[in-house]
Amino acid sequence: MPSTSTRTGTRRTRRPRTATLRVALATGAVLAVTVGCSAQVVTDPAGAADDKPGGGTGTGVRIEPTEPASSSPSAEPAAASKPPATPSAPSAKPSKSASEKPAPPKPKTVMASGAEGDQVRELQARLRQIAHFNRAPTGYYGSVTATAVSSFQAKRGLPQTGTTDTVTWQKLLGMTKKPTAAELRPPAAVKPAPKPDPRCMTGRVLCISKNSRSLSWMIDGKVLSTMDVRFGSQYTPTREGTFKVGWKSRDHVSTLYDTPMPYAMFFSGGQAVHYSADFAARGYSGASHGCVNVRDKKKIAALFDEVRTGDKVVVYK
C-alpha cells in the first residue's frame, strides 16, 4: 500500500501504519454487520503484501461470512412437534349416575293377611273360578288365601308375596268375571242335625257336639240355628260337661296368646265360644287352644246378641 505523506516546510512526515490498519478493521466491521458476516482477525502464515521486513506483525484482516441463525430443525424435535399424547382409555365401568336407573315404585297393597270383608270374599271367589282357591269364600284373608294368591302370582310370573297388590289384583280382574251372589256365598250343605243330648232339651242351651263338630242354639228343645265349630287339640282339649255362660266380650283379645277372640262367650275358665278368623281361613286343618271356634262371623254375631249370661252350655261327644 503506498504511504501517504505531507510536507511541512522542508520536512516530510509519514502517517503511521498502525492508524491505517485501524481504519481497515473498522471498515470491515461495518461491512460485516451490514451483510451478515463477522470480522475475524487471522494470522496469514505467508505474511501480508504490505508487510515490511522488520516492520509489522504479519497480521492481516479476513472477512469471513458468518452463518445466519440456524433455520434447520434442532436435534431434538420441539415440544410442539411431538405427537399428541394418547388419550386415556375410557373407564371400564360407566359412571354410577349414568348406568343406574331409579327403581320403579313398588305396587300398593290392596289386601293382605288379616284383612276381612266383602273384597276378600270377592278375591277368594275369583281365585276359585280359576282353581287357585278350593273352598267356599269366607271373607277372611288367612294363610289359605295367601297361599292361593302366591300360587296365582307364580303362574303369572309375578313376585310370589302372597299379598294382593295393585298389579296382582288388576291381573286377576282381567282374567275372571264378577262373582255371582251364589259364588260369593255358596249355600251350605245341609247336614242332618245330630240328635241332641238330653241335657239340651230344656231351657236356653248352647248344645255343642264334638262328633258332629256342630253347635246348635236351642230353646226348650227347639233348634233355632246351627253352625260349624272346631275344638282344641289333644294338648289343649276342650272340656266336656255342663256349664253356664259366665261372661261375654264382643271384642275380646286373648291376654295369653295375644290373638283376637271376637264375640267371646266364656263358659269354663278361659275357654269360650267365639269367632275364629283362623278357622275361617284354614278350616279343620288347625285347632284351638281349648275354645269352641266358630267360622261363620254373621252367625256368631247374631248368636252373641241372643245369648245371655247364665245360659246353659253343654259340650259332649
Side-chain angles (χ1 to χ4, degrees), residues 124 133-140 142-144 185-249 252 254 256-257 259-317:
Q124 294 167 336
F133 191 78
N134 60 0
R135 59 189 65 192
T138 62
Y140 177 76
S143 59
V144 174
R185 290 178 173 81
V190 178
K191 297 187 296 183
K195 184 178 180 180
D197 186 273
R199 292 170 290 179
C200 299
M201 300 306 294
T202 57
R204 299 163 59 92
V205 186
L206 290 172
C207 192
I208 303 168
S209 168
K210 284 187 172 181
N211 287 338
S212 64
R213 295 190 293 193
S214 65
L215 181 157
S216 298
W217 169 234
M218 301 176 64
I219 297 179
D220 294 332
K222 184 179 180 180
V223 177
L224 302 179
S225 64
T226 302
M227 57 203 74
D228 295 334
V229 293
R230 73 176 184 182
F231 306 96
S233 68
Q234 59 178 327
Y235 304 105
T236 55
T238 301
R239 290 184 281 273
E240 299 172 13
T242 302
F243 311 94
K244 288 185 178 181
V245 175
W247 57 291
K248 298 165 61 180
S249 177
H252 192 75
S254 171
L256 182 60
Y257 301 105
T259 54
M261 298 170 55
Y263 307 110
M265 295 171 279
F266 290 89
F267 61 86
S268 177
Q271 294 189 356
V273 176
H274 66 84
Y275 170 72
S276 169
D278 182 74
F279 182 28
R282 298 201 300 153
Y284 292 104
S285 59
S288 75
H289 292 98
C291 290
V292 178
N293 291 164
V294 178
R295 62 181 172 187
D296 191 317
K297 198 170 186 178
K298 286 189 174 182
K299 285 186 175 182
I300 186 68
L303 180 63
F304 183 86
D305 291 337
E306 292 185 31
V307 172
R308 306 169 187 168
T309 300
D311 285 346
K312 188 174 11 176
V313 179
V314 177
V315 182
Y316 64 101
K317 288 185 178 178

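Residues: numbered from 1 along the sequence shown.
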[X] to [Y] - nearest heavy-atom pair and separation:
| X | Y | answer |
| --- | --- | --- |
| A264 | H274 | CA-CB, 3.7 Å |
| S233 | A287 | N-CB, 3.9 Å |
| R230 | G286 | NH1-C, 3.2 Å |
| V223 | S216 | CG1-CB, 4.1 Å |
| F231 | R213 | CE1-CA, 4.1 Å |
| A272 | C291 | O-CB, 3.1 Å |

> What is the distance from atom NZ of K298 to atom CE of M227, rounded to the nearest 0.5 Å?
Replying inline: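 So the NZ of K298 and the CE of M227 are separated by 14.0 Å.
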> Once you round to the nearest 0.5 Å, how far does OG1 of T309 lie from NZ of K244?
Replying inline: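 T309 OG1 to K244 NZ: 11.5 Å, rounded to 0.5 Å.
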> Do NZ/NE/NH1/NH2 and the carboxylate oxygens of D311 and K248 come within less than 4.0 Å?
Replying inline: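 No salt bridge links D311 with K248.
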Hey, is the main chain of [Y] close enough, under 3.5 Å, to the side chain of [X] for a donor-acceptor pair?
| X | Y | result |
| --- | --- | --- |
| D220 | T202 | no |
| T242 | V314 | no |
| K312 | C200 | no |
| Q271 | P237 | yes |
| K297 | A280 | no |
| T138 | Y140 | yes |
| Y284 | F279 | no |
| S214 | D228 | no |

So do [Y] and [X] actually touch side chain to side chain, heavy atoms under 4.5 Å?
| X | Y | result |
| --- | --- | --- |
| P196 | S209 | no |
| S249 | M261 | no |
| V315 | K210 | yes |
| Y275 | P260 | no |
| R204 | W217 | yes |
| L215 | L303 | yes |

>> With side chain to side chain contact (heavy atoms under 4.5 Å, CB included) as the criterion, how do R308 and V245 come out once you've worked through the C-alpha distance, each side chain's angles and the decisive distance to 0.1 Å?
In response: CA-CA 7 Å; R308 306 169 187 168; V245 175; over 6 Å; no
>> Evaluate M218 against L224 for side chain to side chain contact (heavy atoms under 4.5 Å, CB included), listing each step before the verdict.
In response: CA-CA 6 Å; M218 301 176 64; L224 302 179; over 6 Å; no
>> Could you walk me through whether V273 and I208 satisfy the side chain to side chain contact (heavy atoms under 4.5 Å, CB included) test, starting with their C-alpha distance in whole Å, then the side-chain angles of each, then the deciding distance to 0.1 Å, before giving a yes or no?
In response: CA-CA 10 Å; V273 176; I208 303 168; 4.0 Å; yes
>> Would you call the rings of F243 and F267 parallel, tilted or perpendicular, taking 30° and 60° as the class edges?
In response: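 Rings of F243 and F267: tilted, as their planes differ by 30° to 60°.
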> Parallel under 30°, tilted from 30 to 60°, perpendicular over 60°: which one fits the rings of W247 and H252?
Replying inline: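 Perpendicular, since the angle between the ring planes exceeds 60°.
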> Would K299 and S225 satisfy side chain to side chain contact (heavy atoms under 4.5 Å, CB included), going step by step from the backbone distance to the final call?
Replying inline: CA-CA 8 Å; K299 285 186 175 182; S225 64; 6.0 Å; no
